[in-house]
Amino acid sequence: DAAQRHTVVVRLKGGDPLLFGRAQEEIDALTAAGIEVEVVSGITAALAAGAALGVSLTRRGVSRNVSFVTPRIGRDESVSDWAAAVLAADTAVIYMGSGEAQLIADTLIARGLPAGRPVALVENASLPGEARHIARLDQLGQIASRLGGGPAIIVLGEVLRDRLALAQTVSEAAAAAPAPRQVRHR
């Protein structure tokens with residue numbers, strides 16, 4: 001409707017509309033209506049998450065490939081074996097999976113992925129209020145419970161090993177620190 005009334009109409013979407021978005025359906029509908037379409041690529045959440053974590057998703061000597069998957073299926077879509085793609089990848093990025101984090105972890109561990117594989121959840125990647133959580137795969141459900149409701153992406157792979165070690169060191173240091181003394185004023 002807006003294209004019928006205006007010369008230029010912008011449909012703004014976070015991330016890259018061509019990766020796990022509804023871009024194709026929208027492009028097809030506009031093209032069928034005789035409306036010219038131009039897609040301007042954005043930064044996909046996987047790359048924004050890698051930047052937020054300070055890790056290369058294809059770190060030399062550690063990861064030669066990256067798989068972008070989603071466990072979500074739409075109405076009238078056939079089930080996908082997303083887990084096979086994750087298992088075959090050096091680094092995997094799971095879109096739209098934070099609400100199913102525990103099921104994702106259980107599925108991957110049951111299919112042979114080590115429970116100690118480093119994993120990160122990045123919420124609101126590249127936005128104000130961005131939050132990063134790093135843990136082991138068997139802790140994915142726990143860290144997902146800390147999310148604040150924003151869009152989140154799961155990054156999984158050995159490229160996160162250094163970040164996991166750092167997070168564990170910081171956590172252990174905090175646990176070993178003496179409790180702050182309470183001062184009472186009269």
Side-chain angles (χ1 to χ4, degrees), residues 14-16 18-21 42-74 77-127 129-177:
D16 190 307
L18 300 177
L19 191 60
F20 297 121
I43 302 293
T44 186
L47 303 180
L53 294 164
V55 299
S56 170
L57 300 180
T58 56
R59 184 175 177 177
R60 187 182 308 272
V62 178
S63 177
R64 293 189 179 275
N65 58 60
V66 181
S67 182
F68 296 165
V69 304
T70 183
R72 285 247 177 116
I73 55 171
E77 290 181 356
S78 59
V79 176
S80 163
D81 189 5
W82 60 269
V86 171
L87 294 168
D90 293 334
T91 303
V93 182
I94 304 171
Y95 284 74
M96 299 173 279
S98 62
E100 302 173 53
Q102 189 62 56
L103 177 61
I104 288 169
D106 294 345
T107 299
L108 294 173
I109 292 167
R111 295 205 35 198
L113 210 57
R117 179 68 48 95
V119 65
L121 257 172
V122 180
E123 181 177 20
N124 294 317
S126 80
L127 299 173
E130 175 183 277
R132 298 174 299 274
H133 306 278
I134 300 172
R136 299 182 321 260
L137 179 57
D138 61 353
Q139 299 169 317
L140 182 59
Q142 294 169 329
I143 62 173
S145 69
R146 296 184 208 152
L147 295 176
I153 195 154
I154 300 167
V155 181
L156 179 70
E158 290 300 320
V159 296
L160 296 165
R161 180 65 60 194
D162 294 345
R163 294 294 182 259
L164 176 60
L166 179 61
Q168 289 172 332
T169 300
V170 168
S171 178
E172 290 166 5

Criterion side chain to side chain contact (heavy atoms under 4.5 Å, CB included) on R163 and V155, from CA distance to verdict: CA-CA 12 Å; R163 294 294 182 259; V155 181; over 6 Å; no
For [X] against [Y], the heavy-atom pair lying closest together:
X	Y	answer
Q102	G141	OE1-CA, 3.3 Å
G50	L57	CA-CD2, 4.2 Å
S98	I154	N-CD1, 4.2 Å
A135	I143	CB-CG2, 3.9 Å
M96	E100	O-OE2, 4.4 Å
V66	V93	CG1-CG2, 4.1 Å

With rounding to the nearest 0.5 angstrom, report the [atom1] to [atom2] distance, [X] to [Y].
X	Y	atom1	atom2	result
D81	T107	CG	OG1	10.0 Å
I104	T70	CD1	OG1	8.0 Å
R136	R117	CZ	CZ	13.5 Å
L108	L156	CG	CG	6.5 Å
R132	N124	CZ	CG	11.5 Å
I94	L121	CD1	CG	9.5 Å

Neighbour count >12 (heavy atoms, 6.0 Å) for atom CD1, I43: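 Counting other residues, nucleotides and ligands, CD1 of I43 stays at 12 neighbours or fewer.
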Steps toward side chain to side chain contact (heavy atoms under 4.5 Å, CB included) verdict (R59, T91): CA-CA 9 Å; R59 184 175 177 177; T91 303; over 6 Å; no
Side-chain donor or acceptor of Y95 paired with backbone N/O of A46 under 3.5 Å: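 Such a contact is found between Y95 side chain and A46 backbone.
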Donor-acceptor contact present, side-chain E123 to main-chain G150, <3.5 Å: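 At least one qualifying donor-acceptor pair exists.
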Chi angles and distances behind the side chain to side chain contact (heavy atoms under 4.5 Å, CB included) call for L127, E130: CA-CA 6 Å; L127 299 173; E130 175 183 277; 5.7 Å; no
